[in-house]
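Read the structure below first, then the notes.
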Amino acid sequence: MEMKPILLQGHERSITQIKYNREGDLLFTVAKDPIVKVWYSVNGERLGTYMGHSGAVWCVDADWDTKHVLTGSADNSCCLWDCETGKQLALLKTNSAVRTCGFDFGGNIIMFSTDKQMGYQCFVSFFDLRDPSQIDNNEPYMKIPCNDSKITSAVWGPLGECIIAGHEGGELNQYSAKSGEVLVNVKEHSRQINDIQLSRDMTIFVTASKDNTAKLFDSTTLEHQKTFRTERPVSSAALSPNYDHVVLGGGQEAMDVTTTSTRIGKFEARFFHLAFEEEFGRVKGHFGPINSVAFHPDGKSYSSSGEDGYVRIHYFDPQYFEFEFEA
Amino acid sequence: MQDAENVAAPEAAEQRAEPVQQQPAAEPPPGEEPPRPPGPGAQEAASGEDDEAGPEPEEPAEPAAAAEERAASAPGAPSPPPEEPPAPAPAAGEAPAEQAGDAAAEARSEGAGGEDGGADEPSFSDPEDFVDDVSEEELLGDILKDRPQEADGIDSVIVVDNVPQVGPDRLEKLKNVIHKIFSKFGKITNDFYPEEDGKTKGYTFLEYASPAHALDAVKNADGYKLDKQHTFRVNLFTDFDKYMTISDEWDIPEKQPFKDLGNLRYWLEEAECRDQYSVIFESGDRTSIFWNDVKDPVSIEERARWTETYVRWSPKGTYLATFHQRGIALWGGEKFKQIQRFSHQGVQLIDFSPCERYLVTFSPLMDTQDDPQAIIIWDILTGQKKRGFHCESSAHWPIFKWSHDGKFFARMTLDTLSIYETPSMGLLDKKSLKISGIKDFSWSPGGNIIAFWVPEDKDIPARVTLMQLPTRQEIRVRNLFNVVDCKLHWQKNGDYLCVKVDRTPKGTQGVVTNFEIFRMREKQVPVDVVEMKETIIAFAWEPNGSKFAVLHGEAPRISVSFYHVKNNGKIELIKMFDKQQANTIFWSPQGQFVVLAGLRSMNGALAFVDTSDCTVMNIAEHYMASDVEWDPTGRYVVTSVSWWSHKVDNAYWLWTFQGRLLQKNNKDRFCQLLWRPRPPTLLSQDQIKQIKKDLKKYSKIFEQKDRLSQSKASKELVERRRTMMEDFRKYRKMAQELYMEQKSERLELRGGVDTDELDSNVEDWEEETIEFFVTEEIIPLGNQE
């Protein structure tokens, strides 16, 4: 695919996650440096930064009306920010690194999960923002312990009734956001689930796994629908909002790359058809593994970010929209 | 045979099976049975026991039998109680308890009678009328049980026949010799040399400390060649009985049930003439067999943990060998059923004879001084061990090299070349060849000729010798000077032998390589020489032709040269390509086409060359490729990156012989691909010629077939996509219906704002003007290609 990318340079270290807000005008990026950044997606201009973390930032989320931003960091904290002013509204201290975080559908409840680290086990904590005392006292209304295999990615399910968590061992769990019990448990991946992203209508989601595949699941039942195979660990996958397409990013981890040849890493974003599970396009560009991919909510562009510290915004060429499988 | 007997005589069937089993004379009695002195009493007792076993009360047969036995042995036993009543006296076992009980009761009643008087002091003296009827068994039955028996130690005695007959003067010497040979198996506690007319009788009895030693001696010393006239026959003394009662009538050996293995060559009958290959992946956990197909490989069989290390096909493709800690298993037939097993603990290496009749296995674990088991040669058809060998040298596998027809096999040890023959597995003409300094040898693949070479020894030049077998006639000897090393390369048909000679000629520096080409099919085996001054990286004969390829030079200036041995014996350089990225030569098994590969460190560069006109058909790369495998027909070639050599990108790629890439098959932790070999063609040379002549006719048919299958395939693909799409649409429709149902909940959660579509709340939008500082950015196109 021929595409004109916009390069966002600003982070000093490899990018860990990127996310558009609901409207898609903003792109939030977090990296292994402590500064959270937000950009105009239309031209790649930097809009601002959120300063306050003191370690690598693993995750970011914005609520539906882009009032608040939530970030989780390896400095053992989760931060709530005012999106517009960049003011830190809350700092929730934890015992270990915060790996995933998110706002529920209504933007009232936040969720984050912590790493199994330094003798602490993995927890998912839930705070209701409508009750300020929870934040003030750092007392979540619910804390789900997760003993077996730690959570490596998590998102809110549709309507904020549950969260869907992917684990280190490849398991998927659906936890009730009210009782904390496991509603559904499936294991379709054989290795760590690096990323989970919902479709725009939240009825399906795609997982990206270290087992070289991405898979499509039903959000309600967690029934496995489709599999997209590559030869490399997949670190992120995103669904197109208006086409039956999915984009996969990944690559061999830095420590596993034994030669200097960039060829061996294969750092391409790869496009698959959702129904046929067939690959139809690749976009090169990154000098290292791709860590995070995201589709613009209008489906006309997508962004990728990687170990090389760059964020690349790609607008699709007309051929992309015209392309159709013979069927 | 037993079945037949039972059918013929129905009344016999009523009896239990055991007696029948005891009858056939050829059948040895079961080994565990205690030796009984041959006598009618014992036999009767035994059969009585058989007949009456069960709930028969009163007089169990066993004591009777024991009594008989004891009676028989009585004269020799040291202390038989003479006054003992013969009939009810039990020798051992449970019976004594009962007896003792009776006796005690008797004694009590006696005692009661005597004490009736009521004396205060108990009297221990026997009453006057006391008869001592307490048997010795009652008193010390447990000790008597262990008393020596005449037959004790009889299992430890062996009889050695064909011992030289000697007079008293040489008896001592004979005893020494015998003792030396037989004490290898254990301590000899007793020997006996029967004599007649002042000479030994030619057989000897030896007693060991334990029966195990005796068994060992029988197993290993039977057939021992003392000298030309005397080959020992060694038997257990206890087997005497067995051999005495051999019936003079020949019994038809029992027929083994026929095991129908199906058609072991079924794969050759495949209509499309496809080939099979085996694939090991998941770091060895899974093994699959596939049909090779231009479109996609078709799986035939997949098994988890089929082998513990790797697999091997037999040379004609009949068997698939798998490796296990406990030995080798062979599989074959349509369902890949197990055909044979060879138990060899810790087996590491195997080799098939070219005829597929024999299997050679090697294990470093099993060897012992007395029992050579490092290398075992097996008969594949029967599963029997044919012979074991020690592994004396640390030579390269295969240690035993087979002649092309499997008639002979040979191995080299220090200054010795030992040639064995099948099926006896014995040394050919009973002696090895003494070849002082022999460095390497090799069988011709086209006839029973061995080539070997010996290095220079002082004034004697190095020499290469060709020897005809089994006559051992030297058909050609070639002396060579200033030799550093030699390598023997046979052309696959045995038409040519190339001896690659590394030399340091006087007056020059460095190593020069000579290729000495022996033309085997001509009288006197003429030799021509090609000399090369560059380093030689690889050499390979065209399998079915008269060309050879040489890779030479130093990286990065590596060249490949193709030579042709002309009919008049002249060797002609056809073509040389320089700047090659290659370290290995892979000829198509049919000749003409060759793949030059730069494996591993050379990143997997590939060049596909047609040597008929020496054109490079394609240059390609399979990054980090570690292996290249031609299919047995020379139509396809596979390149692969094995997990054994490289941990990422493990895959095998299928190419046409022209270097057109057909498939990339990624397999998780792929380890090894091996094509299933085909047996040699049954077509005659003329038939092959005819087929080549009519190739145009065939190719038309094939092309049509290909077109059909292609259009069928694309139709199938479209059809498959269509159903996938339909199913997916159906599923999505359901999910979206659910989504629509929840619309009100969504509205409620977001304070009445409809966010379902990006522009669904457009009337709420506020116009906002944002000023951008536009900077022009130049993105190098090279980044994205």
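In the text below, chain A, chain B and the rest are named by the order of the sequence lines, each starting its count at 1.
- Contacts from residues 728-748 of chain B to chain A, taken as heavy-atom pairs separated by less than 4.5 Å, involve B:F728, B:Y731, B:R732, B:A735, B:Q736, B:L738, B:Y739, B:Q742, B:E745, B:R746 in sequence order.
- Under the 3.5 Å distance criterion, with hydrogens and angles disregarded, no donor-acceptor pair is assigned to the side chains of B:Y652 and B:S642.
- Contact annotation for A:D218: both backbone and side-chain heavy atoms come within less than 4.5 Å of a heavy atom of chain B.
- The candidate from A:D211, A:N108, A:D104, A:L274 with the greatest count of non-hydrogen atom pairs under 4.5 Å with chain B is A:L274.
- When ring centroids are compared, A:H296 and A:Y315 stay outside the 6.0 Å threshold.
- Residues A:Y243 and A:Y320 bring no donor and acceptor atom of their side chains to less than 3.5 Å of each other.
- A distance of 10.0 Å separates CZ of B:F608 from CG of B:L596, quoted to the nearest 0.5 Å.
- Geometric assessment of B:R669 against the ring of B:F281 yields a negative cation-pi assignment under the 6.0 Å and 45° thresholds.
- The candidate with the highest count of non-hydrogen atom pairs below 4.5 Å against chain B, out of A:G24, A:A275, A:G106, is A:A275.
- For A:E223, no part lies under 4.5 angstrom from a heavy atom of chain B.
- The aromatic ring centres of A:Y20 and A:W39 sit 6.0 Å or more apart.
- Side-chain contact check for A:N21 and A:D25: at least one donor-acceptor pair (N or O, by modelled atom type) lies under 3.5 Å.
- Checking B:R750 against B:T755 by side-chain atom types alone, a donor-acceptor pair falls below 3.5 Å.
- With a 4.5 Å cut-off on non-hydrogen atoms, A:L47 does not touch chain B at all.
- At a 4.5 Å heavy-atom cutoff, the contact between A:D244 and chain B is made by side-chain atoms alone.
- Taking the six-membered ring for Trp, A:F323 and A:F280 have ring centres closer than 6.0 Å.
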